[in-house]
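Each residue takes its place number in the sequence, starting with 1.
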Amino acid sequence: VVSEYSFAASHFQASRSLAAWLDEQGVPGIFGVDTRAVTKMLREQGSALGAVVVGSGAACPEWVDPNTRNLVAEVSIPSPVTYEPKASGGKAPKVLAVDCGMKHNI
């Protein structure tokens with residue numbers, strides 16, 4: 001969902017356009033949306049369920065409300081894991097932590 005779309009791939013390393021990639025992956029997309037208005041609505045009213053459907057007779061997918069499930073429990077491990085260097089003096093494993101938390105200003 002984007003406000004503006006360029007039909008030409010302009011990056012020098014691009015092998016295909018965004019539209020071609022979306023089509024190959026079976027992912028619908030839409031442009032011409034007032035994304036500022038959507039952002040404002042989400043800030044004022046909170047998150048909302050939504051779907052992008054293609055075609056005038058297309059059926060909307062069945063709604064699954066993620067708020068009815070404990071998503072944190074579904075993706076969390078049952079207990080902490082400690083990573084230490086190998087006993088033979090090897091290097092410690094590299095661990096990457098990605099914080100996908102919500103920004104405070106949203």
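Remark: Glu24 CD is packed, more than 12 non-hydrogen atoms of other residues, nucleotides or ligands lying under 6.0 Å away.
Leu22 and Phe31 fall within the same hydrophobic cluster, where Ile, Leu, Val, Met, Phe, Trp and Tyr residues are linked whenever their side-chain heavy atoms come under 4.5 Å apart, directly or through other members. Residues Leu18 and Val27 fall within the same hydrophobic cluster, defined by Ile, Leu, Val, Met, Phe, Trp and Tyr side chains chained together at heavy-atom separations under 4.5 Å. Hydrophobic clustering keeps Trp21 apart from Ile30 (ILVMFWY residues linked when any side-chain heavy atoms are closer than 4.5 Å, directly or through intermediates).
Using a 4.5 Å heavy-atom cutoff, the side chains of Asp65 and Leu49 are in contact.
Applying the side chain to side chain contact (heavy atoms under 4.5 Å, CB included) test between Arg36 and each of Thr39, Asp34, Val38 identifies Asp34 as the sole match.
Between Ala48 and Met41, the closest heavy-atom pair is CB-CE, 4.5 Å. Between Ile77 and Val81, the closest heavy-atom pair is CD1-CG2, 3.7 Å. Nearest heavy atom pair, residue Val1 against residue Thr35, reads O-CG2, 4.4 Å.
To the nearest 0.5 Å, the span separating CG on Leu71 from OG on Ser76 amounts to 10.0 Å. For the atom pair Ser17 OG and Asp23 CG, the distance stands at 9.0 Å (nearest 0.5 Å).
The closest donor-acceptor contact from the side chain of Tyr5 to the backbone of Ala19 lies under 3.5 Å.
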